[in-house]
Amino acid sequence: MRWSLVLIALLAFAGQAAAQSKGKGIRLWNLTTETISGFQLSPAGKTDWGPNQCLNDKDKEVDHDERLRITGVEPGRYDAKVSYPNARQCIVRDIEIRADAVFSIADKDLKDCTK
């Protein structure tokens with residue numbers, strides 16, 4: 001009886017984990033012409049920048065036409081701080097992020113760039 005309860009608990013846990021992994025999660029699609037080395041999100045209109053999401057990538061950068069898994073972010077509207085290896089930084093305003101969806105940024109979205 002005891003082992004069957006443990007087995008049921010393990011199967012329930014495995015089923016929950018499988019259900020969560022079915023969705024691909026939130027992903028950024030880099031359509032800018034440059035490789036991104038920093039990507040931080042903040043609730044739209046604020047400057048409460050979260051962690052560098054590029055650290056989620058195996059080489060810590062997001063090349064042109066590459067997708068990046070975004071973690072620790074709930075669906076909603078966000079501003080993004082985009083950083084490049086040459087120290088340039090830009091802001092992308094009012095990005096809509098949806099669960100298990102891809103959002104993209106392109107050169108035309110970049111605002112308030114500094115070098």
Side-chain angles (χ1 to χ4, degrees):
M1 177 73 165
R2 186 175 175 189
W3 284 107
S4 61
L5 289 176
V6 170
L7 182 59
I8 290 170
L10 286 173
L11 289 173
F13 178 75
Q16 183 182 19
Q20 288 176 350
S21 67
K22 278 187 181 180
K24 292 188 177 186
I26 299 168
R27 293 166 325 279
L28 160 68
W29 186 7
N30 179 14
L31 295 179
T32 69
T33 54
E34 297 180 64
T35 296
I36 295 172
S37 59
F39 188 81
Q40 297 172 271
L41 292 167
S42 173
K46 299 186 179 194
T47 56
D48 300 330
W49 303 112
N52 181 1
Q53 296 285 335
C54 289
L55 299 179
N56 299 336
D57 190 71
K58 64 181 182 277
D59 68 358
K60 311 298 185 228
E61 294 183 327
V62 185
D63 298 324
H64 165 74
D65 200 28
E66 183 180 1
R67 289 181 177 89
L68 171 69
R69 184 176 199 81
I70 303 296
T71 61
V73 174
E74 295 295 320
R77 294 212 166 264
Y78 292 86
D79 293 339
K81 185 189 311 183
V82 182
S83 303
Y84 295 95
N86 65 2
R88 179 177 172 226
Q89 284 189 338
C90 300
I91 302 295
V92 179
R93 301 209 185 278
D94 202 29
I95 299 168
E96 181 180 3
I97 294 181
R98 290 181 267 161
D100 293 322
V102 176
F103 66 95
S104 64
I105 60 167
D107 289 337
K108 66 179 179 53
D109 302 317
L110 303 174
K111 308 291 182 210
D112 305 321
C113 295
T114 61
K115 168 79 169 121

Distance from [X] atom [atom1] to [Y] atom [atom2], nearest 0.5 Å?
{"X": "Asp109", "Y": "Ile95", "atom1": "CG", "atom2": "CD1", "value": "7.5 Å"}
{"X": "Arg67", "Y": "Leu31", "atom1": "CZ", "atom2": "CG", "value": "8.0 Å"}
{"X": "Arg77", "Y": "Glu96", "atom1": "CZ", "atom2": "CD", "value": "4.5 Å"}
{"X": "Asp112", "Y": "Ile91", "atom1": "CG", "atom2": "CD1", "value": "6.5 Å"}
{"X": "Lys60", "Y": "Leu68", "atom1": "NZ", "atom2": "CG", "value": "10.5 Å"}
{"X": "Thr71", "Y": "Gln53", "atom1": "OG1", "atom2": "CD", "value": "4.5 Å"}

Answer yes or no: is there a side-chain heavy-atom contact under 4.5 Å between [X] and [Y]?
{"X": "Tyr84", "Y": "Ile36", "answer": "yes"}
{"X": "Leu110", "Y": "Glu34", "answer": "no"}
{"X": "Lys81", "Y": "Thr47", "answer": "no"}

(request) Using side chain to side chain contact (heavy atoms under 4.5 Å, CB included) as the criterion, point out the one residue from Asp48, Val92, Ile26, Ile97 that pairs with Leu41. (result)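 Among Asp48, Val92, Ile26, Ile97, the one that satisfies the side chain to side chain contact (heavy atoms under 4.5 Å, CB included) with Leu41 is Ile97.
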
(message) For Phe39, run the side chain to side chain contact (heavy atoms under 4.5 Å, CB included) check against Val62, Asn30, Asn56, Ile105 and tell me which one passes.
(response)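 For Phe39, the side chain to side chain contact (heavy atoms under 4.5 Å, CB included) test succeeds with only one of Val62, Asn30, Asn56, Ile105, which is Ile105.
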
(request) Could you tell me which residues satisfy side-chain hydrogen bond (donor to acceptor under 3.5 Å, both in side chains) with Asp59, sequence neighbours excluded, listed by chain and number? (result)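 Partners of Asp59 by the side-chain hydrogen bond (donor to acceptor under 3.5 Å, both in side chains) criterion come out as none, since no residue qualifies.
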
[X] (side chain) donor-acceptor with [Y] (main chain) under 3.5 angstrom:
{"X": "Asp107", "Y": "Thr32", "value": "no"}
{"X": "Asp63", "Y": "Thr35", "value": "no"}
{"X": "Asp100", "Y": "Gly25", "value": "yes"}

(message) Using a 6.0 Å cut-off, check whether atom CH2 of Trp29 has over 12 heavy atoms from anything other than its own residue.
(response)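 No, because the 6.0 Å sphere around CH2 of Trp29 holds 12 heavy atoms or fewer from other groups.
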
(message) On a heavy-atom basis, which atom in Gln40 and which in Gly50 lie closest, and how many Å separate them?
(response)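 Where Gln40 meets Gly50 most closely, the heavy atoms are NE2-O, 2.9 Å.
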
(message) Test of understanding: clusters of I, L, V, M, F, W, Y form through side-chain heavy atoms closer than 4.5 Å, transitively. Do Val102 and Ile70 belong to the same one?
(response)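 Per the 4.5 Å side-chain linkage, Val102 and Ile70 are not co-clustered.
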
(request) Sorted by first residue and then second, give each disulfide (SG to SG under 2.5 Å) pair with at least one member in residues 77-115; sequence neighbours left out. (result)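 Pairs touching residues 77-115 that pass the test: Cys90-Cys113.
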
(message) Under a plain distance cut-off of 3.5 Å, with no hydrogens placed, do Ser37 and Glu61 share a side-chain donor-acceptor pair?
(response)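 Side chains of Glu61 and Ser37: no pair found under 3.5 Å.
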
